[in-house]
A.B. asks: 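Okay, handing you the structure first.
Keep in mind it's a predicted model, so treat the numbers as computed, not measured. These values consider heavy atoms only, across backbone and side chains, with no hydrogens, waters or symmetry-generated copies. Numbers here are sequence positions counted from 1.
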Amino acid sequence: MECDGVRRGTMAARRNAAVAGEARRRAAVAVLEEMGPAQLGRGEGSNRKTATGLENLKKSREMSLGYAEKLSYREDVGTVGMPEKFDSPKLLQGKIEELAVMVQKSKHLVVFTGAGISTSSGIPDFRGPKGVWTLQRAGKGVPDASLPFHRAAPTLTHMALVELERAGLLKFVISQNVDSLHLRSGFPREKLAELHGNSFKEVCPCCKTEYLRDFEIETIGLKDTPRRCTDKNCGARLKDTVLDWEDALPPEEMNSAEEQCRTADLVLCLGTSLQITPACNMPLLSIKNGGKVAIVNLQATPKDKKASLVIHGFVDKVIAGVMCILSLRIPPYIRTDFIQLLLRHTVKKKCVRWTLRVTSVHGMRAPLSFLRSIEVSFPDRSDMKPVVLMEQPFSLQRETSMTSIFSMLLTLNFSDGCGCSSSSIECHVNFQKQKESFVRDRSLVLQELKCTAERQSRAGQQSILERESLPRAETSIHAFVTNIIRYDAADLKVADHKGSWMNSGSSTSSNLAKRLVEGASGYSASTKKLKC
């Protein structure tokens with residue numbers, strides 16, 4: 001990644017940045033160390049548990065500094081902190097109508113996205129008045145996100161792009177973001193180029209299989225990670241996919257992005273300052289082949305003069321307006337998370353010693369970042385004491401009679417950022433009878449869960465995906481709906497109701513409708529190997 005006018009900082013500047021970063025981390029740790037056990041979320045427990053909780057919070061605080069602090073220090077990151085510009089309501093309304101016509105008439109629409117489309121999810125941008133690099137230049141460090149990075153939800157704009165693709169209007173998305181929100185929204189991987197990588201994705205350098213995680217990868221800069229490829233014929237060490245300053249854009253992503261821009265008759269740039277090269281020059285490839293560029297951003301960009309349409313307004317408001325004019329529904333975001341249950345047992349005379357483990361589907365050592373704790377109870381056995389598991393990896397050991405048959409209720413308490421507080425699984429345990437193994441159709445099960453969540457307008461639904469039973473062990477994988485977010489375009493009205501495009505009876509809407517025709521259906525494309 002190169003930035004216009006950017007040169008490496010001096011060694012002194014690098015040392016100063018490192019010292020400042022260390023000072024911030026020490027200050028955060030000092031605050032944590034002053035907290036008591038109750039403040040740490042432990043309430044009760046041994047000193048060992050309290051200490052472990054402290055370490056987890058320290059780690060969480062350091063990780064919350066995120067991608068921006070993992071980047072190598074760079075003294076000059078281009079123009080930052082430019083003033084935001086807002087079109088007047090009347091002008092904005094007219095531009096939204098013009099953009100809607102451009103989108104509807106386009107034969108090959110490509111969308112080019114930047115950090116500005118994710119700010120409404122709580123993720124700071126880089127160059128805005130309170131952006132990461134703006135505050136860093138002012139000596140204020142990295143801004144805090146409003147929720148954990150791994151729980152950030154796609155915005156209205158992300159979900160609108162999903163619907164535009166389903167309607168056949170949107171052919172491809174090129175993103176400079178590393179937040180994984182396009183993939184979380186359900187946008188097809190084969191129609192997405194992530195130019196700067198993905199903080200939640202690893203790749204096998206040998207067989208090229210991609211692994212999408214529910215936790216942030218520990219490193220950036222295309223380095224080795226602690227995990228290996230699960231392909232039995234491969235097993236290579238995986239690498240992170242996020243670029244550092246000196247890393248070149250991934251050829252496969254860059255080539256597909258450039259090809260799409262050359263083919264596009266309209267490239268719509270959303271929430272990007274268009275300063276990072278070579279990515280910022282890609283939209284202009286459309287103009288060379290007779291296409292157009294439209295830009296929606298709160299700040300001026302170096303490419304504004306070459307654009308056919310420039311809109312200064314909140315991206316969500318603009319896109320909500322376009323979707324309303326096109327009579328397209330913005331689908332809700334429904335998130336599913338997964339756990340793996342492992343129940344092992346050994347026979348000792350007339351007793352059975354068994355161990356329950358609740359782990360991530362991404363590996364025994366991978367974090368279950370959406371879980372706060374697990375309550376284990378035995379509804380039909382008053383002689384078996386319930387327990388609350390607070391530490392990861394979640395594990396419980398017990399010893400029971402060989403002939404004991406009992407029910408075990410697991411109540412999973414979700415962490416901050418989830419749309420409900422908990423969900424439960426009931427397991428029937430009989431060590432004398434081996435259960436059947438099965439694998440259900442993953443896509444069908446998840447679709448059923450999402451349909452149920454949307455119909456009930458709540459999260460918390462769960463279903464089992466597969467089970468493998470062996471003589472001394474049973475493993476099962478479960479899916480949970482942990483969030484559902486609906487997007488109301490009416491809340492983002494940008495003009496007075498008397499003449500608004502939101503008013504279906506207005507003359508503006510009637511005239512505009514005459515210029516719009518129903519979009520064609522979408523097309524299929526070859527899929528990339530993506531495991532999750």
Side-chain angles (χ1 to χ4, degrees), residues 55-56 59-60 62-63 66-67 70-72 148-150 178-180 182-184 189-190 192-244 246-253 336-344 355-371 391-395 437 439 442-443 446 465-470 472-479 526-532:
E55 292 303 318
N56 287 342
K59 182 177 180 181
S60 174
E62 290 176 5
M63 289 299 289
Y67 159 67
K70 293 177 187 175
L71 283 170
S72 298
F149 195 18
H150 60 269
V178 300
D179 53 30
S180 197
H182 282 301
L183 290 178
R184 285 186 202 172
R189 174 66 182 101
E190 66 273 12
L192 172 68
E194 295 180 304
L195 297 180
H196 298 158
N198 185 323
S199 290
F200 297 85
K201 188 172 68 180
E202 297 171 287
V203 65
C204 176
C206 296
C207 68
K208 307 303 179 184
T209 299
E210 295 178 344
Y211 295 83
L212 188 62
R213 309 300 192 186
D214 56 11
F215 57 90
E216 189 177 359
I217 307 305
E218 300 88 340
T219 61
I220 70 165
L222 313 181
K223 299 182 180 68
D224 289 344
T225 71
R227 291 159 292 277
R228 292 186 176 274
C229 180
T230 58
D231 190 319
K232 295 180 180 178
N233 298 320
C234 184
R237 177 79 71 180
L238 301 179
K239 291 183 178 293
D240 72 71
T241 60
V242 176
L243 306 184
D244 205 342
E246 307 302 329
D247 296 319
L249 266 62
E252 183 177 355
E253 305 289 314
T336 52
D337 285 286
F338 307 89
I339 65 166
Q340 178 174 271
L341 297 185
L342 176 60
L343 184 63
R344 295 180 180 273
T355 301
L356 171 70
R357 294 185 185 276
V358 182
T359 64
S360 168
V361 295
H362 301 290
M364 297 288 287
R365 297 181 180 180
L368 280 167
S369 50
F370 70 97
L371 286 184
E391 304 294 338
Q392 296 193 30
F394 298 112
S395 179
S437 299
V439 178
R442 181 188 181 95
S443 60
L446 297 183
L465 295 175
E466 60 182 82
R467 181 170 65 212
E468 180 183 21
S469 293
L470 300 174
R472 292 288 184 265
E474 177 185 310
T475 304
S476 58
I477 295 177
H478 301 255
S526 59
T527 59
K528 296 185 179 182
K529 292 191 290 182
L530 179 64
K531 293 189 178 183
C532 58

A.B. asks: For E218 and R213, what are the C-alpha separation, side-chain angles and deciding distance, and is it a salt bridge (charged side-chain N to carboxylate O under 4.0 Å, His left out)?
C.D. replies: CA-CA 11 Å; E218 300 88 340; R213 309 300 192 186; over 6 Å; no
A.B. asks: Are any side-chain N or O atoms of Y211 and backbone N or O atoms of T230, one a donor and one an acceptor, separated by less than 3.5 Å?
C.D. replies: yes
A.B. asks: H196 vs I220, test: side chain to side chain contact (heavy atoms under 4.5 Å, CB included). Steps then yes/no.
C.D. replies: CA-CA 10 Å; H196 298 158; I220 70 165; over 6 Å; no
A.B. asks: Just checking, is any N or O donor in the side chain of S180 or N198 under 3.5 Å from an acceptor N or O on the other one?
C.D. replies: yes
A.B. asks: Side chain of Q392, backbone of L368: donor and acceptor closer than 3.5 Å?
C.D. replies: yes
A.B. asks: Answer yes or no: is there a side-chain heavy-atom contact under 4.5 Å between F394 and R357?
C.D. replies: no
A.B. asks: I'd like to know if the side chain of T225 and the backbone of T219 have a donor-acceptor N/O pair within less than 3.5 Å.
C.D. replies: no
A.B. asks: Salt bridge check: are K201 and E194 linked by an N-O gap of less than 4.0 Å?
C.D. replies: yes
A.B. asks: Using a strict cut-off of less than 4.0 Å between a Lys/Arg side-chain nitrogen and an Asp/Glu carboxylate oxygen, indicate whether R189 and E253 qualify as a salt bridge.
C.D. replies: yes
A.B. asks: Using the rule given for side chain to side chain contact (heavy atoms under 4.5 Å, CB included), can you reason through F200 versus R184, listing the C-alpha separation, both sets of side-chain angles and the distance that settles it, and then say yes or no?
C.D. replies: CA-CA 10 Å; F200 297 85; R184 285 186 202 172; 3.0 Å; yes
A.B. asks: Validate the cation-pi geometry between R442 and F338: distance from NZ or CZ to the six-membered ring centre under 6.0 Å, angle to the ring axis within 45°.
C.D. replies: yes
A.B. asks: Quick one: does S199's side chain have a donor or acceptor within less than 3.5 Å of a partner on D179's backbone?
C.D. replies: no
A.B. asks: Would C207 and C229 count as a side chain to side chain contact (heavy atoms under 4.5 Å, CB included) if you check the C-alpha gap in whole Å, the side-chain angles of each, and the deciding distance to 0.1 Å?
C.D. replies: CA-CA 9 Å; C207 68; C229 180; 3.6 Å; yes
